[in-house]
Amino acid sequence: MLDLALAGFLFGLLAIGLRRPFLWVLAYLYVDILTPQKISYFLLASLPVSLIVFVLAFGGWLAMDDKTGSRFSWRQGVILALLVYCGVTTLTADFPVEAAEKWAWVWKALVFALFLPLALRTRLRIEAAVLFMVLTAGAIVIDGGIKTIASGGGGYGELVTLVAENAGLYEGSTLSTVAVATIPLIAWLARHGTIFPPSRAVTLFAVALGFACALIPIGTQTRTGLICLVILAVLSLRSVKRRMLYIALMAAVPVIALPFLPESYTARMSTIENHSADQSASTRVAVWKWTIGYALDHPLGGGFDAYRGNRVTVVLQDVATSGNQTSVTQRVAQDKSRAYHSAYFEMLGEQGWPGLAMWLTLQLSGLVQLELIQRRLRRSEDRRDRQDRALAQALQAGHCVYLFGALFVGIAFQPFMFMLIGLQIALVEQVRRRHGGPDPASAGAHTPAGANRATGLRNGLRLPQEARP
């Protein structure tokens with residue numbers, strides 16, 4: 001029955017795409033995030049679903065979609081340069097077989113991020129992409145949230161969602177980061193969505209889905225998830241109206257929630273403060289030191305999975321307290337082929353200094369562009385401008401959560417986050433087209449909305465019918 005439901009939904013979506021090819025782009029978002037072929041037992045599991053939808057999305061856009069308003073931005077040029085560079089390092093990788101396996105999905109993530117802004121040429125399409133991403137990730141999050149409540153708190157490496165594997169979006173720390181990064185987008189859809197306009201039902205679902213996202217770090221018991229929640233709470237100070245009340249609530253929530261949290265969760269979170277006694281945390285630090293030394297010897301990187309060549313020695317400290325006496329015992333642990341557990345060191349070790357520079361440029365420039373959009377539109381009374389400003393704020397908050405979560409998880413090429421980058425580029429281009437300027441930071445930031453629209457029309461930048469509310 002599950003097979004029939006999954007196959008029926010996907011094939012139905014692909015069939016409708018014969019009339020609206022853009023739906024194939026949305027279908028790829030669904031397939032790449034949820035991977036229904038892994039959930040399926042027979043029907044979808046026997047087909048190369050990802051490849052089929054990938055070809056349809058590109059082929060449909062090339063052959064049948066309107067290209068009005070599409071433009072290749074400089075950030076897409078950075079993605080293209082990173083794609084080519086990763087291809088070169090794969091050919092010269094330290095571990096060619098393993099590198100080829102990772103390259104098989106990395107190139108698709110980069111190419112799709114390169115292509116997505118070209119397809120998202122209207123406001124409606126951007127919202128549809130956000131909606132599909134949120135609801136598809138929400139299917140995993142809701143399943144994890146229900147199991148967290150049912151199991152009394154889940155467990156590290158024990159919470160199994162829709163797919164029983166510890167890879168991709170189904171890995172605990174990755175899922176925690178993505179779930180928390182999705183919360184601002186959920187709030188934006190509830191307040192400014194037009195496909196499902198704001199209503200009591202939409203608000204209730206958004207609150208429930210946001211709560212499920214907050215439960216994922218508890219269910220997976222990942223330290224990264226806790227850090228991401230704290231970062232999002234701090235970032236939210238910028239948009240709340242009653243900041244003192246919000247700060248009071250922030251202080252009260254941990255006190256109220258602590259008695260309901262499982263002991264295993266609080267014990268694991270305590271290792272954030274005393275990482276020297278935790279072998280996992282101490283090994284990560286040792287691997288990061290090894291990566292810096294490796295990059296100094298191999299400035300162009302060692303290709304994907306270069307971490308397999310590391311050998312690290314860790315000195316752990318066990319602290320025991322008895323009465324007024326405290327004893328410290330040291331023990332030595334050795335490990336090898338340990339993953340980077342950090343996107344930054346992942347880029348440094350695999351793609352060297354040039355790859356890290358391109359990756360950081362892509363990430364940080366997105367935050368800057370989104371900030372410029374918010375400043376440009378903050379005084380506009382136009383409803384569409386307010387929606388775009390709120391979306392820029394949501395994308396910026398989600399991206400900041402990702403960048404902090406990426407400090408402790410090797411998700412430099414996580415497809416979901418590259419989709420967010422594609423959304424950012426599409427939003428920047430839409431604001432540029434509507435206001436008739438070359439860039440959101442251009443002069444005339446405070447020109448009245450009507451004058452901006454008139455300028456855009458005179459320049460031949462007439463909005464397609466699909467973009468109108």
Side-chain angles (χ1 to χ4, degrees), residues 86 89-90 92-103 106 155-158 165-168 171-177 220-228 267-320 327-357 359-360 402-414:
C86 289
T89 59
T90 301
T92 60
D94 291 351
F95 299 90
V97 176
E98 291 81 0
E101 291 179 359
K102 185 171 180 178
W103 169 253
V106 167
Y156 183 68
E158 298 178 5
E165 69 172 39
N166 194 36
E171 189 274 325
S173 295
T174 305
L175 180 58
S176 296
T177 302
T220 56
Q221 295 192 4
T222 54
R223 294 166 291 204
T224 303
L226 176 62
I227 294 172
C228 289
R268 180 164 176 79
M269 295 308 108
S270 67
T271 60
I272 295 177
E273 180 180 358
N274 186 26
H275 70 275
S276 61
D278 181 71
Q279 183 170 344
S280 175
S282 297
T283 303
R284 292 185 186 191
V285 176
V287 170
W288 296 347
K289 293 179 180 178
W290 174 89
T291 305
I292 294 175
Y294 179 84
L296 293 175
D297 294 333
H298 305 78
L300 299 182
F304 294 127
D305 282 12
Y307 72 86
R308 295 178 182 274
N310 65 43
R311 301 289 187 276
V312 295
T313 301
V314 183
V315 178
L316 302 174
Q317 294 182 350
D318 295 323
V319 181
S327 61
V328 179
T329 304
Q330 292 187 342
R331 53 191 175 93
V332 178
Q334 295 182 337
D335 211 337
K336 62 180 181 179
S337 300
R338 284 297 299 264
Y340 300 103
H341 288 288
S342 170
Y344 301 88
F345 289 97
E346 176 187 1
M347 288 301 303
L348 179 59
E350 294 183 347
Q351 310 305 326
W353 301 103
L356 177 62
W359 187 81
L360 287 176
Y402 162 68
L403 290 178
F404 275 95
L407 287 168
F408 312 103
V409 192
I411 50 175
F413 296 100
Q414 169 54 233

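Source: prediction; values computed, not measured.
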Is there side-chain contact between [X] and [Y], with at least one heavy-atom pair below 4.5 Å?
X	Y	value
T174	Q414	yes
R338	W290	no
F345	I292	yes

Taking [X] for the side chain and [Y] for the main chain, is one N or O donor matched with an acceptor at less than 3.5 Å?
X	Y	result
Y344	L360	no
T89	G303	no
S342	V409	no
Y340	Y307	yes
E98	D305	no

Chi angles and distances behind the side-chain contact (heavy atoms from CB on, under 4.5 Å) call for I227, F408:
CA-CA 10 Å; I227 294 172; F408 312 103; 3.6 Å; yes

Tell me the closest heavy-atom pair linking [X] and [Y], and the distance in Å.
X	Y	answer
T222	S176	OG1-OG, 2.9 Å
T224	S173	OG1-OG, 4.2 Å
A412	E346	N-OE1, 3.1 Å
W353	L296	CZ2-CD2, 4.2 Å
P354	L300	CG-CD2, 3.8 Å
A99	A93	CB-CB, 3.5 Å

Would you find more than 12 non-hydrogen atoms of other residues, nucleotides or ligands less than 6.0 Å from Y294 atom OH?
yes

